[in-house]
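Before any comments, here is the structure.
Atoms considered below: every heavy atom in the structure, side chains included; atoms not considered: hydrogens, waters and symmetry mates.
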Amino acid sequence: MTKEEVLEKLEEERESAKSKILYGQSRNLSVKRYGWYFNGLDYAIDLAKKLNEPKKVVIPEFIANDIKYHKKYGYTLQGALGDAFGQGLESDVYYWFYADNGDENFRKYVSAWDNGYEVDKEPKYRVQIKGFEETTNYLNYDVNSKEFFVDTAGLGSGIKIKFTKRWLKDYWSEYDAYNNAGLLEFEEVENE
């Protein structure tokens with residue numbers, strides 16, 4: 001039985017019960033019991049309407065922004081994906097698709113496009129690495145060479161200086177070693 005057939009049967013039953021009350025054909029049930037019956041039917045109809053509604057996926061804010069942008073400018077799903085893959089090395093969206101769980105991320109993107117989504121607003125951090133005596137040294141990531149390095153400024157085109165902890169775990173192979181040794185200090189920064 002399909003969702004539509006269940007809804008149709010429940011609504012037919014509701015209308016049938018309603019007409020029995022209106023035309024006095026329900027002598028065996030009190031009005032109070034029919035009220036409970038109607039409430040139960042209304043509740044069942046509401047539940048049936050929610051059947052098969054896909055659960056909204058949770059995606060990072062930058063992916064939500066990418067979907068909003070492409071929908072705003074009338075892209076199709078195929079066009080949006082083509083654009084995402086064509087963005088190249090400097091794009092967080094591009095990296096998100098090529099992460100270790102890229103296949104799952106692809107499915108999330110399509111589901112978010114079709115069914116809506118919830119935004120996972122992870123905080124972003126500047127990450128200071130302890131142990132350098134002379135200056136304050138922060139973790140930086142060169143998006144062109146795909147390499148991490150330590151620097152004081154972190155300025156320049158193609159240099160990423162703000163990270164979520166999840167992104168670091170996914171892309172920096174030494175994250176767990178540094179973090180478990182207590183060598184990382186996280187300074188929360190504003191999300192853009």
Where is the tightest heavy-atom contact between [X] and [Y], given as atom of each residue plus distance?
X	Y	answer
V127	L184	CG1-CD2, 3.8 Å
F97	L81	CZ-CD2, 3.7 Å
Y75	A80	CD2-N, 3.8 Å
V119	P60	CG1-C, 4.4 Å
L77	W113	N-CZ2, 3.5 Å
A112	I59	CB-CD1, 4.0 Å

Please report the interatomic distance [atom1]([X]) to [atom2]([Y]), rounded to the nearest 0.5 Å.
X	Y	atom1	atom2	value
T164	D170	OG1	CG	8.0 Å
E13	K9	CD	NZ	10.0 Å
I67	D114	CD1	CG	9.5 Å
I129	L183	CD1	CG	8.0 Å
D66	Y94	CG	OH	14.5 Å
N140	R126	CG	CZ	6.0 Å

Under the ring pair (Phe, Tyr, Trp, His ring centres under 6.0 Å) test, residues paired with W172 that sit two or more places apart: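 Ring pair (Phe, Tyr, Trp, His ring centres under 6.0 Å) list for W172, sorted by chain: F148, Y178.
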Test of understanding: with ring pair (Phe, Tyr, Trp, His ring centres under 6.0 Å), list the residues that count as partners of Y69, not counting sequence neighbours.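 Result, ring pair (Phe, Tyr, Trp, His ring centres under 6.0 Å) vs Y69: Y73.
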Test of understanding: with side-chain hydrogen bond (donor to acceptor under 3.5 Å, both in side chains), list the residues that count as partners of [X], not counting sequence neighbours.
X	value
N115	S111
D120	R166
E187	Y138

Give the other cluster members for V58, using side-chain heavy-atom distances under 4.5 Å between Ile, Leu, Val, Met, Phe, Trp and Tyr residues; answer none if it is isolated.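 Same cluster as V58: nobody, lone residue.
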In chain order, what residues pass the side chain to side chain contact (heavy atoms under 4.5 Å, CB included) check against [X], with sequence neighbours excluded?
X	value
E5	M1, T2
Y43	L47
Q78	T76
K165	Y125, Y175, F186

Do L139 and L168 have side chains that approach each other closer than 4.5 Å (heavy atoms only, starting at C-beta)?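 L139 reaches L168 side chain to side chain.
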Within-4.5 Å side-chain heavy-atom neighbours: Y171 and F163: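 When only atoms from C-beta onward are counted, F163 and Y171 do not touch, as no gap falls below 4.5 Å.
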Does K71, at its NZ atom, have more than 12 non-hydrogen atoms belonging to other residues, nucleotides or ligands within less than 6.0 Å?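 Counting neighbours around NZ of K71, more than 12 heavy atoms of other residues, nucleotides or ligands fall under 6.0 Å, so yes.
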Whether K160 engages the ring of W167 as a cation-pi pair (distance to the six-membered ring centre under 6.0 angstrom, angle to the ring normal within 45°) should be assessed.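 Flagged: K160 positioned over aromatic ring of W167.
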Would you confirm whether N137, through its side chain, and V150, through its main-chain N or O, come within 3.5 Å as a donor-acceptor pair?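 It does not hold such a pair.
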Identify, with sequence neighbours excluded, every residue that meets salt bridge (Lys or Arg N to Asp or Glu O under 4.0 Å) alongside D42.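 Applying salt bridge (Lys or Arg N to Asp or Glu O under 4.0 Å) to D42 gives R14.
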